Trainee: 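Next up is a structure, given as structure tokens.
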Amino acid sequence: ADGVITIKESTFNKFGQAIGTLNYSDWYKVKVSGVTICNAKNTASLSDLEFDLKSTGVDVEGEVSASWCGFNFGSTGPELDATGNIYYDPATNSIRFSFSSAAVKVKIHIDVWFWEGDVTVTTIDVTDMLNDIPPVPVGRALFSFEAVGGTEYIFMDPYNVSLLKKDGS
């Protein structure tokens with residue numbers, strides 16, 4: 001049947017909590033004047049993802065922790081900056097996520113007598129990690145309705161589906 005699937009932010013936010021923690025790591029080397037001052041594993045962990053649905057796409061926020069050159073940054077230092085889209089894929093009958101950019105900005109706070117502010121020390125690209133969020137299958141659905149003879153049940157299979165994104169709960 002032709003149809004429109006309306007999914008609200010709260011549904012995606014429950015999904016974001018259900019997928020648990022996403023982890024990313026790679027090796028990072030910092031050289032200054034040809035001397036290696038850091039050769040360590042960088043990591044980023046994302047959890048409790050929250051989706052901000054917009055007509056033009058989706059932004060994602062969540063709990064973030066990161067390590068860079070052996071220094072650990074808790075949830076107050078790094079921040080996630082992710083922009084992408086959520087769409088219905090008719091080839092797989094699923095709702096999929098596609099991110100054009102997603103980065104964890106690792107920041108430190110500096111407070112000296114003449115200046116105070118946050119400085120980004122590195123950015124960890126997590127686009128591929130967010131693009132690996134599993135698709136949400138859309139399959140056969142059971143519907144019921146009241147008829148003169150009582151409750152009737154029908155199964156509907158997705159066909160020519162549109163995805164309508166709505167903010168709110």
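All values derive from a computational prediction rather than experimental measurement.
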Trainee: Are F143 and Y153 connected in the hydrophobic side-chain network, where two residues link if heavy atoms are under 4.5 Å apart?
Mentor: no

Trainee: Could you work out, with side chain to side chain donor-acceptor pair (under 3.5 Å) as the rule, every residue matching T151, not counting sequence neighbours?
Mentor: E146

Trainee: Working to the nearest 0.5 angstrom, can you tell me the gap between N42 CG and S67 OG?
Mentor: 6.0 Å

Trainee: Once side chain to side chain donor-acceptor pair (under 3.5 Å) is applied, do any residues pair with D125, and if so which ones, sequence neighbours excluded?
Mentor: T127

Trainee: Mind checking the CZ-CD1 spacing from R96 to I133? Nearest 0.5 Å is all I need.
Mentor: 11.0 Å

Trainee: How far apart are the closest heavy atoms of T21 and S45, and which atoms are they?
Mentor: CG2-CB, 4.0 Å

Trainee: Let me confirm one number: the OG-CG distance from S47 to N23, rounded to the nearest 0.5 Å.
Mentor: 9.0 Å

Trainee: Take Y24 and D26, measure what side chain to side chain donor-acceptor pair (under 3.5 Å) needs, and give me the verdict at the end.
Mentor: CA-CA 7 Å; Y24 171 85; D26 69 355; 3.1 Å; yes

Trainee: Is there a side-chain contact between E9 and D52 (heavy atoms, below 4.5 Å)?
Mentor: yes

Trainee: According to ring pair (Phe, Tyr, Trp, His ring centres under 6.0 Å), does anything in residues 29-62 pair up with another residue at least two apart or in another chain? List the pairs.
Mentor: F12-F51, F51-F97

Trainee: Work out which heavy atom in P134 is nearest to a heavy atom in F15; give both atom names and the distance.
Mentor: O-CZ, 3.7 Å

Trainee: Can you see which heavy atom on E50 is nearest to which on N13, and at what distance?
Mentor: CA-OD1, 3.2 Å

Trainee: Taking the side chain as every heavy atom from C-beta outward, state whether V60 and L46 have any pair of such atoms under 4.5 Å apart.
Mentor: no

Trainee: What's the shortest heavy-atom distance between A44 and V126, and which atoms?
Mentor: CB-CG1, 4.2 Å

Trainee: Who pairs with D81 by side chain to side chain donor-acceptor pair (under 3.5 Å), at least two apart in sequence or on another chain?
Mentor: none

Trainee: D128: what forms a side chain to side chain donor-acceptor pair (under 3.5 Å) with it, not counting sequence neighbours?
Mentor: none

Trainee: Do you know the tightest heavy-atom contact between S94 and P137?
Mentor: CB-CA, 4.0 Å

Trainee: Given the rule in the side chain to side chain donor-acceptor pair (under 3.5 Å) test, do S100 and T83 qualify, once you have shown the distances and angles that lead to the verdict?
Mentor: CA-CA 6 Å; S100 54; T83 303; 5.8 Å; no

Trainee: Could you tell me which non-hydrogen atom of A66 sits nearest to which non-hydrogen atom of V104, and how far apart they are?
Mentor: CB-CG1, 4.3 Å

Trainee: If you look only at pairs with a residue in residues 129-141, which of them pass as a salt bridge (Lys or Arg N to Asp or Glu O under 4.0 Å), with sequence neighbours excluded?
Mentor: R140-D157

Trainee: Just verifying a value: how many Å separate D59 CG and F99 CZ, rounded to the nearest 0.5 Å?
Mentor: 9.0 Å

Trainee: Working to the nearest 0.5 Å, report the span between CE of M129 and OG of S25.
Mentor: 10.0 Å

